Amino acid sequence: YHEGQDFSLMRTQAYILTTLLILVSVGSGLQASEESPSITITSLSEGDWVEGEVEILVDGDVDNLELLANGTVVASANAGESLIWDTRDASATSPASFQVVARGELENGTQVESSPINVTVLYPRQLTYDPAMDIQPEWHPEDGIFVFKSNRGEEEHIFKLYTLIPGEEPELVQTDRAYHGYPGWSPDGSHMVFNSYDPEIEGTGEMDIFVVNLSSGESTPVTANSDFDDSGRWSPDGNFISFHSSRSGDLDVWKVAVAENGTPVGEPVRLTPGDSNEHCPRWSFDGEWLVYETDREEGTDVWVMKADGSDARQITNDDYEDGYPGWSPTGDWLVYDSVRDDNTDIYLIPTAGGPQKRVTMHHTDDRHASWSPDGRSLLFHSGRGGDVNIWQVEIPDPSVNIDETEEDSGDPDSCPVFVDGENLEEIDDACVATFDDEEKLEPSESEETLPGILIVSTLGLITLIAFLRRKPYV
């Protein structure tokens, strides 16, 4: 009887110890959870480009929010507010890399940080300063100079052409026409193509395509009819001029064979049959393809086709108004305008399809981008300076970030958590390196303590279970 009482007492004590160990285990788990809260930057992704004043949204129940860029506090806000990071720097032109982290405080004063995100800051700079409208810039085929149209010094509806070497003053292009629109260069830079009408006797619906000899100022008509012909562009080999026209009832892309001076040597050929509107064609740098915008799907999207009109392919596929597309020099990327939330910004997208990359994010419209022949910058017109003027922004190679973020480069998230016979072949060298790195990490004080408590608790429970399963000897 005495031995039975002793065993009963031991069993009671064991139950008490078991309960305490469970409470310690649960408590330590809760402590780990409370000391490692989630704070996340939700408005940025790895590899994003940003410019101007950037709104940073953070998800997390914290106070005293701060944003750090390369370790320096660049913005602060109260709980529930967004962080505004002003990236503008009047002395900067080249893209700059930043690692951004959001930091906040818990109720107990503990400071927590988000995972870092690497972004590139762009620095758009203004090239023209005039209260009139300077719009539709287009780079010279050999870079260094561009053309744009402006109504400076003219009636509001009259536009002239100007050339500009960045850093110098604009120069007027002499022609015998009153109105000029959508200018572009001949391959050798000796002529320009543009659309025009006679404001004295015609309306804008009777626009035609012209070329002008830059030495003489004499213009030659490429098209001559009562329909609307617009957006002429010279092919890189000099043999064709593309344009869009309403002569078939809807807007369609056409091209016409031309002599070296732009004089037509054949009849225009329609490249986009159908009852939708296709317009604003532009040649790829190698002359093999044309890009254009169309409303054949909901919204307006960017499409490409071969120079003979075959092999038409859709590139953008959304409900937005995507327009005025252009090519990168390599042909791997397209630049275009997109109207979203009643604001127009400039985006890039791979020609083969894939994730877009936003270039501008100002609250005023940024439009009509032209990619420089060296691939390093974009021209566009914008009202961000108060008036509509020409701006330039240097950009990095857009393919770099795509490769780094989309290809599997040993991201821990892509490696299996558990290794067994079934997934052994999935473990590549990158994952092995990741596992090795994790083993070499120095644990923090909390990481040393909490796992230790959990290990002790687990061992204690195993011991107690084994003890309770023993049969008493009486």
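Values in this document were obtained by computation on a predicted structure and should not be read as measured data.
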Exercise. Quick check, are the ring centers of W371 and F380 under 6.0 angstrom apart?
Worked result: no

Exercise. Can you name the closest pair of heavy atoms from A102 and V58 and give their distance?
Worked result: CB-CG2, 3.9 Å

Exercise. Do we get R152 above Y162's six-membered ring, with its NZ or CZ under 6.0 Å from the centre and within 45° of the axis?
Worked result: yes

Exercise. Does H244 use its side chain to pair, donor to acceptor, with the backbone of D252 at less than 3.5 Å?
Worked result: no

For this session: Can you see which heavy atom on M192 is nearest to which on L161, and at what distance?
Result: SD-CD1, 4.1 Å

For this session: Give me the ring orientation class for Y347 and Y336: parallel if the planes are under 30° apart, tilted from 30 to 60°, perpendicular past 60°.
Result: parallel

Problem set entry | Side chain proximity check, C280 to S231, heavy atoms < 4.5 angstrom | yes

Exercise. Are E51 and R88 within salt-bridge range, i.e. N to O under 4.0 Å?
Worked result: no

Seminar exercise, completed: ring-ring contact (aromatic ring centres under 6.0 Å, His included) pairs touching residues 203-227, sequence neighbours excluded, are none

For this session: With sequence neighbours excluded, tell me which residues meet side chain to side chain donor-acceptor pair (under 3.5 Å) with N389.
Result: T128

Problem set entry | Side-chain donor or acceptor of E206 paired with backbone N/O of E202 under 3.5 Å | no

Exercise. Below 6.0 angstrom between ring centroids: does that apply to F159 and H180?
Worked result: no

Check residues 253-263 and write down every donor-acceptor pair under 3.5 Å in which the side-chain atom is one partner and the other belongs to a residue at least two apart or another chain.
unit_1	atom_1	unit_2	atom_2	d
K255	NZ	A307	O	3.0
N261	OD1	T263	N	3.1
N261	OD1	T263	OG1	2.9
N261	ND2	T263	OG1	3.3

For this session: Would you list the pairs meeting salt bridge (Lys or Arg N to Asp or Glu O under 4.0 Å) in which at least one residue belongs to residues 236-248, sequence neighbours left out?
Result: D229-R247

Problem set entry | S114 (side chain) donor-acceptor with T40 (main chain) under 3.5 angstrom | no

For this session: Among residues two or more places apart or on two chains, list those pairs meeting side chain to side chain donor-acceptor pair (under 3.5 Å) that have a residue in residues 211-221.
Result: D176-S219

Exercise. Charged N to carboxylate O below 4.0 Å: is that the case for E321 and R340?
Worked result: no

For this session: Report the C-alpha distance between W85 and F98 in whole Å, list the side-chain angles of each, state the deciding distance to 0.1 Å, and finish with yes or no for ring pair (Phe, Tyr, Trp, His ring centres under 6.0 Å).
Result: CA-CA 12 Å; W85 178 21; F98 286 87; 5.6 Å; yes

For this session: Check for a donor-acceptor pair, side chain of T294 on one end and backbone N or O of E278 on the other, with a separation under 3.5 Å.
Result: no

Exercise. Can you list every pair that meets salt bridge (Lys or Arg N to Asp or Glu O under 4.0 Å) and has a residue in residues 306-316, with sequence neighbours left out?
Worked result: D311-R313

Exercise. Would you find a donor on one side and an acceptor on the other, under 3.5 Å apart, between the side chain of S382 and the backbone of D366?
Worked result: no

Exercise. Do F146 and W139 have ring centres separated by under 6.0 Å?
Worked result: yes

Exercise. Taking 4.0 angstrom as the limit, do E138 and R282 come out as a salt bridge?
Worked result: yes

